Amino acid sequence: MKRIGILTSGGDCPGINATIRGVCKAAINHYGMEVVGIHNGFQGLLEKDTEILTNDKLSGLLNKGGTILGTSREKPFRKKDLAAGYNKPAIIVENMRELGLECVVCIGGNGTQKTAAKFVEMGVNIVSVPKTIDNDIWGTDFSFGFDTAVSIATDAIDRLHSTASAHKRVMVIEVMGHKAGWIALYSGMAGGGDVILIPEIPYDIKRVGEAILHRFKQGRTYSIVVVAEGVETDGKRRVAEYISQEIEYETGIESRETVLGYIQRGGAPSSFDRNLATRMGGHAAELVAAGEYGRMVALQGNEIISLPLSEVKGKLNLVTEDHDLVVQGRRMGICFG
Ligand code: F6P
């Protein structure tokens with residue numbers, strides 16, 4: 001019987017539990033494996049903090065936010081630890097051997113994919129699953145969590161319209177995304193944003209001000225500005241605060257800011273994310289069963305495929321100016337900076 005481990009690492013996102021369920025139910029019930037749940041990401045492998053996952057523990061997970069395994073931002077390959085003689089990777093490899101794990105399924109974002117790739121280079125058997133609301137993992141069209149985060153952000157933008165209209169204000173909303181503008185682009189377009197600022201497209205605050213004044217002169221008494229957290233600022237103020245204050249300075253129109261924050265990461269996944277998580281989880285179990293290690297599952301088109309982790313690591317999936325939503329948005333008069 002194959003005994004495998006599973007861990008979740010990095011920031012959480014909606015759909016992780018659905019993935020755990022997808023991996024484990026297939027592994028246990030279809031492939032006859034035993035699955036060891038590792039607590040708190042790589043931290044759990046360092047401390048051998050684990051539990052056996054049974055069918056009972058896997059029920060009721062589809063719509064549950066967070067991760068039943070817990071997560072951490074533990075990075076075992078941190079140079080500081082190695083330089084101090086604390087060889088975490090070697091401890092983890094030894095612990096995996098002691099726990100009798102033939103392989104570990106790692107569910108995580110870019111940092112996790114990088115760590116997973118390093119373990120693969122050491123000869124460790126890993127299959128990984130991409131997970132992030134930011135959608136910035138290279139090689140997959142979408143990661144689960146993103147669709148849910150976009151829906152939450154879109155709902156927030158929808159709600160800002162009425163209060164912006166009542167007070168004839170500019171409303172600036174800052175959404176997550178790390179260095180990528182995917183959440184801002186998708187929620188900004190779905191929520192009818194008038195200005196969308198993302199890290200991938202340089203902006204000129206004067207042009208943003210002109211766009212808002214132009215709207216004002218046309219009788220549009222309020223504007224909605226959606227900004228990604230990774231957009232450049234003066235380095236002293238938060239993105240939303242900076243953009244809001246600069247717009248007020250440029251236009252003379254009262255501006256207010258909203259930082260949506262962790263609400264984007266919490267709660268139940270959308271049905272799209274649940275199904276994506278289930279498919280990715282099932283394919284991860286399939287790779288494990290076939291002994292195809294060192295790979296990350298991914299969605300390309302409507303197909304789940306897998307890629308070598310060596311190809312994925314260190315790359316980012318960023319918005320490009322020729323993305324259809326940017327092209328169509330510009331044609332409609334939306335200002336991208
Ligand atoms: O990776 C998801 C994300 O939500 C980013 O958008 C954000 O910058 C980051 O995590 C913040 O997470 P934490 O505070 O947990 O490090």
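Read the numbers this way: they start at 1 and go in the same order the structure lists the ligands and their atoms. Since this is a predicted model, take the numbers as computed values, not measurements. Residues take their numbers from the sequence shown, with the count starting at 1.
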Trainee: With heavy atoms only and a cut-off of under 4.0 Å, state how Gln264 meets ligand 1: side chain, backbone, both or neither.
Mentor: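 Under 4.0 Å from ligand 1, Gln264 contributes no heavy atoms.
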Trainee: Is the gap between the ring centers of Tyr222 and Phe216 under 6.0 Å?
Mentor: no
Trainee: Just jot down the ligand 1 atoms closer than 4.0 angstrom to any heavy atom of Glu229, in number order.
Mentor: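 In order of numbering, the contacting atoms are 5 (C), 6 (O), 7 (C), 8 (O).
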Trainee: Could you check whether the rings of Phe146 and Phe142 sit parallel, tilted or perpendicular, using 30° and 60° as the cut-offs?
Mentor: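 Rings of Phe146 and Phe142: parallel, under 30°.
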Trainee: Give a yes-or-no answer on whether the side chains of Ser244 and Glu257 include a donor-acceptor pair shorter than 3.5 Å.
Mentor: yes
Trainee: Please state which protein non-hydrogen atom is closest to atom 16 (O) of ligand 1 and give its distance, to 0.1 Å?
Mentor: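 Answer, as residue, atom name and distance: Arg73 NH2, 2.9 Å.
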Trainee: In the protein, which heavy atom is nearest to atom 14 (O) of ligand 1, and how far is it?
Mentor: Tyr262 OH, 2.4 Å
Trainee: Using a 4.0 Å cutoff against the non-hydrogen atoms of Ile133, which atoms of ligand 1 qualify?
Mentor: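 Heavy-atom distances to Ile133 below 4.0 Å select 4 (O).
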Trainee: I need the nearest protein heavy-atom contact for atom 1 (O) of ligand 1: residue, atom name and distance, please.
Mentor: Asp134 OD2, 2.8 Å
Trainee: Distance check, rounded to the nearest 0.5 Å: Asp12 atom CG versus Ile107 atom CD1?
Mentor: 12.5 Å
Trainee: Quick check on Arg159: does its CZ atom have over 12 non-hydrogen neighbours (other residues, nucleotides or ligands) under 6.0 Å away?
Mentor: no
Trainee: Surrounding NE2 of His39 (heavy atoms of other residues, nucleotides or ligands, distance under 6.0 Å), is the total greater than 12?
Mentor: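 Yes, enclosed.
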Trainee: Using non-hydrogen atoms of the residue, decide whether Gly177 is closer than 4.0 angstrom to ligand 1.
Mentor: yes
Trainee: Just which atoms of ligand 1 are under 4.0 Å from any heavy atom in Met176?
Mentor: 4 (O), 6 (O)
Trainee: Parallel under 30°, tilted from 30 to 60°, perpendicular over 60°: which one fits the rings of Phe77 and Phe119?
Mentor: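 Perpendicular, since the angle between the ring planes exceeds 60°.
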Trainee: Suppose we measure from atom 9 (C) of ligand 1 to each protein heavy atom; which comes out shortest, and what is that distance?
Mentor: Arg265 NH1, 3.8 Å
Trainee: Quick one: which ligand 1 atoms are inside 4.0 Å of a heavy atom on His178?
Mentor: 6 (O)
